[in-house]
Number of protein chains: 2
Amino acid sequence: MTAVAVTRKPRIAKKRGYHHGDLAQALKQAALRLIDERGLEAFTLREAARAVGVTHPAAYRHFEDKRALLAAIAEEGFVALTGEMTAATDTIRGDVFERVSAIGRSYVRFALERPAEFRVMFGPRLNADGRFTALAEVVAAAFQVLISEIETGQARKVLRDGKPRDLASALWISAHGYASLVLYDKITVRSPARAETYFLELLQPLYDGLRRKR
Amino acid sequence: MTAVAVTRKPRIAKKRGYHHGDLAQALKQAALRLIDERGLEAFTLREAARAVGVTHPAAYRHFEDKRALLAAIAEEGFVALTGEMTAATDTIRGDVFERVSAIGRSYVRFALERPAEFRVMFGPRLNADGRFTALAEVVAAAFQVLISEIETGQARKVLRDGKPRDLASALWISAHGYASLVLYDKITVRSPARAETYFLELLQPLYDGLRRKR
DNA sequence: ACCTGAACACCGTTCAAGT
DNA sequence: ACCTGAACACCGTTCAAGT
């Protein structure tokens, strides 16, 4: 966007020959760092290549194009998110209600701790044309964590009736809406540490509404 | 992103001299059309200028830079959204609960009917550096519609207790989370016509939870 | 198999110059 | 006051050529 005049920093070690490592992985990590520092819109493939000490066309040996690099990051992000949500419930055995709210909390934590990944996962419409089928699959897998939890909650007569997909959507919407509005500067949180508990405070009405009447 | 080889279309009427109209307005409209057609990431200032028949540096007479053009679009978008939300309650006199859910519905409708504006409003972090104070103000004004409605709902003992800001945030989160997940292809709606009622279905637990126990 | 050099068709931004 | 022409420092993508 802005054409800044940068004093050409001489490559520390002028690489000759191959990168001799996992260049694909290195490019993804460089990309995330750059997105963290200057934002998604300012991110360029060329800069990522420079950061790992390789000429920019080398990236095309590992990714079809720029969008494919971002899609790879998004894909890994959804896998990581699924892992976090699953891990969140591991510590909580009994109360399904506690488990469900722990999943919501872990979603929010992921978004705020790894904002660059979150933005890549939800910012650009990478898969508008359905090009990245693997990406669509890991998105579905993440959602499935919510659905399964709702199902066991309903089976134990803790959660209200309704299609599991729909109740799970409500959960996803609440965690995603909160995370998005915070990350995109629309809702202000006093301190990052309070972000998770504030989420539970705000969405208490929803959680109350999800509880089965007794 | 993609460098398409376009056969240079000769300008229909080779404009000489001034645009002789509201160029700023024309650029904003052209921008929205282009974003609608090819997405926010593909949008360029130069193409918008070409579309209205003016050389690209002419845009800088009306906007400081590309971000400022997008910020102007976002600003008008928030004003329009505030108008829609206010209008949504005008038809409903009595039940505060009905009014609150009408606001949510109008938010969702706005997002799905005017996706380009919605994406500009919430997609790029235009105001991350607090550069556009007017934009921040219209965002706050839109939020205020929700807060006011919550306040009267509480005064009439229809809505549960709690800080109006917090209950209003819950509403915003739900409408925004739903709209975002639908617009960014994460939640699928059977038909666009069903999108609004599906929203109410999904968030029924939240609305139930917002109701004051009696 | 993996990377470089060079090229192409674009960008956003600036600025002197034109009317 | 408003716009153009020309220039600058970038992009993403392609491809022949090198090791």
Side-chain angles (χ1 to χ4, degrees), chain A residues 1-9 11 13-28 30-31 34-35 38-73 120 124 126 131, chain B residues 1-9 11 13-28 30-31 34-35 38-73 120 124 126 131:
Chain A
M1 205 137 205
T2 22
V4 195
V6 184
T7 48
R8 174 71 48 241
K9 52 190 155 213
R11 186 114 1 101
K14 199 166 195 185
K15 292 278 171 50
R16 295 260 118 254
Y18 296 176
H19 175 260
H20 284 312
D22 193 341
L23 180 54
Q25 193 59 37
L27 284 170
K28 283 182 284 185
L34 291 170
I35 291 166
R38 288 204 285 284
L40 181 54
E41 11 282 326
F43 165 69
T44 70
L45 209 55
R46 288 171 102 118
E47 198 171 1
R50 275 193 301 262
V52 304
V54 97
T55 60
H56 61 274
Y60 289 83
R61 193 61 38 185
H62 302 273
F63 302 99
E64 264 194 19
D65 52 22
K66 187 183 177 184
R67 243 173 89 200
L69 166 59
L70 291 176
I73 288 173
V120 174
L126 296 170
R131 179 180 157 200
Chain B
M1 207 134 199
T2 21
V4 194
V6 183
T7 47
R8 175 67 52 240
K9 52 188 154 213
R11 185 112 2 100
K14 199 166 193 185
K15 293 280 170 53
R16 296 260 117 253
Y18 296 175
H19 175 260
H20 284 312
D22 193 341
L23 180 54
Q25 193 58 36
L27 284 170
K28 283 181 285 185
L34 292 170
I35 292 166
R38 289 204 285 284
L40 181 54
E41 11 282 325
F43 165 68
T44 70
L45 210 56
R46 288 171 102 117
E47 198 170 1
R50 274 193 302 261
V52 304
V54 99
T55 60
H56 60 274
Y60 287 84
R61 192 63 38 187
H62 301 273
F63 301 99
E64 263 193 20
D65 53 22
K66 187 183 177 183
R67 243 173 89 202
L69 166 59
L70 292 176
I73 289 172
V120 173
L126 296 171
R131 179 181 156 200

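Values reported hereafter were calculated over all heavy atoms of this structure, with side chains retained and with hydrogens, waters and symmetry mates removed. Please read all numbers here as calculations on a predicted model, not as lab measurements. In what follows, chains carry the letters A, B, and so on, assigned in the order in which the sequence lines appear, proteins first and then strands, with residues in each chain numbered from 1.
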Query - Distance, rounded to the nearest Å, where Leu70(A) contributes CG and dT13(D) contributes P - result: 10 Å
Report task. Heavy atoms only: give me the nearest Val120(A)-Ile35(A) pair and the separation to one decimal. Result -> CG2-CD1, 3.8 Å
Query raised in the report: Checking Arg50(A) side chain against Thr55(A) main chain: does a donor-acceptor pair fall under 3.5 Å?
Result: no
Report summary line: Atom NZ of Lys66(B) and atom P of dC10(D) are separated, to the nearest Å, by 17 Å
Query raised in the report: Which whole-number value in Å describes the distance from His56(B) NE2 to dC3(D) P?
Result: 14 Å
Query - Test side-chain hydrogen bond (donor to acceptor under 3.5 Å, both in side chains) applied to Arg46(B) - qualifying residues, sequence neighbours left out - result: His56(B)
Report task. Would you mind reading off the distance between Arg61(B) atom CZ and dC3(D) atom P, rounded to a whole angstrom? Result -> 8 Å
**Report entry** Test applied, side-chain contact (heavy atoms from CB on, under 4.5 Å); reference residue, Phe63(A); option that passes from Leu27(A), Leu70(A), Leu45(A)
**Finding:** Leu27(A)
Report task. For the side chain of Arg46(A), starting at C-beta, report the closest nucleotide among dT4(D), dT13(D), dT13(C). Result -> dT13(D)
Requested in this report: Check the distance between dT13(D)'s C1' and Arg67(A)'s CZ and give it to me in whole angstrom.
Outcome: 14 Å
Query - Among His62(B), Lys28(B), Glu64(B), the one residue meeting side-chain contact (heavy atoms from CB on, under 4.5 Å) with Leu69(B) - result: Lys28(B)
**Report entry** Test item: Arg67(A) and Glu41(B) side chains (from C-beta on) under 4.5 Å apart, heavy atoms
**Finding:** no
Requested in this report: Name the closest nucleotide to the Thr44(A) side chain, picking from dC11(D), dG12(C), dC3(D).
Outcome: dC11(D)
Query raised in the report: Using a cut-off of less than 4.0 Å, is there contact between a side-chain N or O of Thr55(A) and OP1 or OP2 of dC3(C)?
Result: no
Report task. Nearest whole angstrom, please: distance from the P of dT13(D) to the CD of Glu41(B). Result -> 13 Å
Query raised in the report: More 5' along DNA chain D: Phe43(A) or Pro57(B), using each one's nearest nucleotide?
Result: Pro57(B)
Query raised in the report: Within this structure, what is the CZ-to-P distance between Arg50(B) and dC3(D), rounded to whole angstrom?
Result: 18 Å
Query - Distance, rounded to the nearest Å, where Glu64(A) contributes CD and dT14(D) contributes C1' - result: 14 Å
**Report entry** Secondary-structure string, 5' to 3', Watson-Crick or G-U under 3.5 Å, | for another-strand partners, for DNA chain D
**Finding:** ||.|||||...|||||.||
Report task. Could you pull out the closest heavy-atom pair between Ala30(A) and Ala48(A), with the gap in Å? Result -> CB-O, 4.1 Å
Requested in this report: Just call it for His62(B): base, sugar-phosphate, or nothing, with non-hydrogen atoms closer than 4.0 Å on any strand.
Outcome: sugar-phosphate
Report task. Compare the minimum distances between each of dC3(C), dT13(D), dT4(D) and the side chain of Tyr60(A), then state the nucleotide with the smallest one. Result -> dT13(D)
